[in-house]
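Since the structure comes first, as structure tokens, the remarks are kept for the end.
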Amino acid sequence: MSQDSIAVGSIAGAASSVAARGLWSSRWAFFLAATGSAVGLGNIWKFPYITGQNGGGAFVLVYLACILAIGIPLLMAEVMIGRRGRANPEGAMAALAKQAGASRHWGKLGSVAIFTGFLILSFYAVIAGWAVAYAPAAAIGSFAGLDGESSGALFAAMLGDPWKLVGYGTLVLLLTLGIVGLGVREGLERSLRFMMPGLFVLLLVLVGYAATTGHFAEAVDFLFAADFSKLSGQGVLVALGHSFFTLSLASGAMMAYGSYLPAGTSIVKTSIMVALADTGVALLAGLAIFPLVFANGLEPGSGPGLIFVTLPIAFGQMPFGQVVGGLFFVMLAIAALTSAISLSEPTIAWLTEKFGISRLKAVLLSGVALWLLSLGTVLSFSAWSEITLFGKTFFDSLDYLTTNLLMPLGGLGTVLFTGWVLSRSTVQEALGIGHPQLFRLWWQVLRGVTPLGILLVFLHSMGLFG
Ligand code: PFF
């Protein structure tokens, strides 16, 4: 993949030629990059803990429905807009709007997405830092003999040490922006090529181990038996928000990556494959983690520490746990890194294309801002843990604002833009679906089901349906 040419060719603005901005080297490269963006902390860290907090099966079902009816159609739309506009999300949306005879202000939706991605990256880097911290701990055998209580204490000790969190978070930011800034030739593509299958295999190993705990059936029941009395309106909104988060939607990433996609690649097939891989990883993570939760008497709804408390217990007990555990957290860190890279690309592309500054300057500028903002998340777990807004810490507020508000609303805007502002013929041509029936299905879902779905979830979360 030509992440390097992405790095070189970004002078542009509206007049940017395709050649100057660079393209992915192949469809496979794009698939890897998009899957690298989608699969990350959202699947392995976030999905299990929010599933635990929202009662299990019914939440999972709503989440899957959101992926199908909202996430996948929007993913296709975003990649299509990026490829058609050949610019950063703001530039691409403004250009498409202009072409359709609509207001250039539609570009603001793109700016909101870029800002959303920027905010997410500020806390994402901190959480990725937890995985970086846990990799060496696993490898040197610090998890030997842990039980639920001692594992919880180990995690709490890390959270309570802001210097450690800042250190690891800074490392993640440096790595992310270093790769994005330098555009290492083939670096991203090559690491993804072994990392994705590797992560998958390790997850299978963990699921296999979880099956030996004697609590597998309980976990399957928890994940897949839908009891809607356990799901609140807010829970439905969390499921919707997570479908955006996990597919990297409404935050500029997929649009930015789409803008480097060669003409002629099937957006439909690739998007479906990305969504399948992403959902598969999340469900496997659930099957690996919940048996351990039940076997160790832990609380499924305990929150963001869930995998960092449960998995070390397994690594401390299983044969070759040091190797498996070390590898697992390294892979989790790499999965997070490839997502973090995609979170930063929209901001960098926007800064360079809109203000004509160099890629290096854009990286430095956003790096400083991200680092400062990340301190808020770090301190949420220690010195600022008592400082709350509507009962939420700084980290909780950022997470809520981005995932549960900005993403669904930004996604709604993008869906309406694609389905109602752009013309059917433009979209059909840009998407490149040869099959008229298939296109009609997608078009109708995008114009009707998707926006209505988002609206209904919002109304439901406000308690409008009792
Ligand atoms: N999809 C990533 C995950 O599940 O971890 C997170 C993410 C990446 C969200 C890129 C948004 C984004 F633009």
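Predicted model only: the values in this text are computed from it and were never measured. All values below were derived from every heavy atom in this structure, side-chain atoms included, with hydrogens, water molecules and symmetry-related copies excluded. Whatever order the structure lists ligands and atoms in, that order sets their numbers, starting from 1.
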I want to check something: taking the side chain as every heavy atom from C-beta on, are L199 and I44 in contact at a cut-off of under 4.5 Å? yes
Do you see a donor-acceptor pair shorter than 3.5 Å between the side chains of T170 and W371?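 A pair is found: one side chain offers a donor N or O, the other an acceptor, under 3.5 Å apart.
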Taking a 3.5 Å cut-off between nitrogen or oxygen atoms, can you list every pair linking ligand 1 to the protein, with distances?
{"from": "ligand 1", "atom 1": "1 (N)", "to": "S37", "atom 2": "O", "distance (Å)": "3.1"}
{"from": "ligand 1", "atom 1": "1 (N)", "to": "A38", "atom 2": "O", "distance (Å)": "3.0"}
{"from": "ligand 1", "atom 1": "1 (N)", "to": "F245", "atom 2": "O", "distance (Å)": "2.8"}
{"from": "ligand 1", "atom 1": "1 (N)", "to": "T246", "atom 2": "O", "distance (Å)": "3.2"}
{"from": "ligand 1", "atom 1": "1 (N)", "to": "S248", "atom 2": "OG", "distance (Å)": "3.0"}
{"from": "ligand 1", "atom 1": "4 (O)", "to": "A38", "atom 2": "O", "distance (Å)": "3.0"}
{"from": "ligand 1", "atom 1": "4 (O)", "to": "G42", "atom 2": "N", "distance (Å)": "3.3"}
{"from": "ligand 1", "atom 1": "4 (O)", "to": "N43", "atom 2": "OD1", "distance (Å)": "3.4"}
{"from": "ligand 1", "atom 1": "5 (O)", "to": "L41", "atom 2": "N", "distance (Å)": "3.0"}
{"from": "ligand 1", "atom 1": "5 (O)", "to": "G42", "atom 2": "N", "distance (Å)": "2.7"}
{"from": "ligand 1", "atom 1": "5 (O)", "to": "Y124", "atom 2": "OH", "distance (Å)": "2.5"}

Residue pairs, two or more places apart or on separate chains, that pass salt bridge (Lys or Arg N to Asp or Glu O under 4.0 Å) and touch residues 30-43: none
Pairs in or reaching into residues 395-422: which pass salt bridge (Lys or Arg N to Asp or Glu O under 4.0 Å), with residues at least two apart or in two chains?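 Found K46-D399.
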Restricting to pairs with a member in residues 335-354, which pass ring-ring contact (aromatic ring centres under 6.0 Å, His included), not counting sequence neighbours?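 As it turns out, the ring-ring contact (aromatic ring centres under 6.0 Å, His included) pairs with a partner in residues 335-354, which skip direct neighbours, are W350-F355.
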Side chain to side chain contact (heavy atoms under 4.5 Å, CB included), paired with F244, selected from T403, I70, L75, T116: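 Testing F244 for a side chain to side chain contact (heavy atoms under 4.5 Å, CB included) against T403, I70, L75, T116 leaves exactly one candidate, I70.
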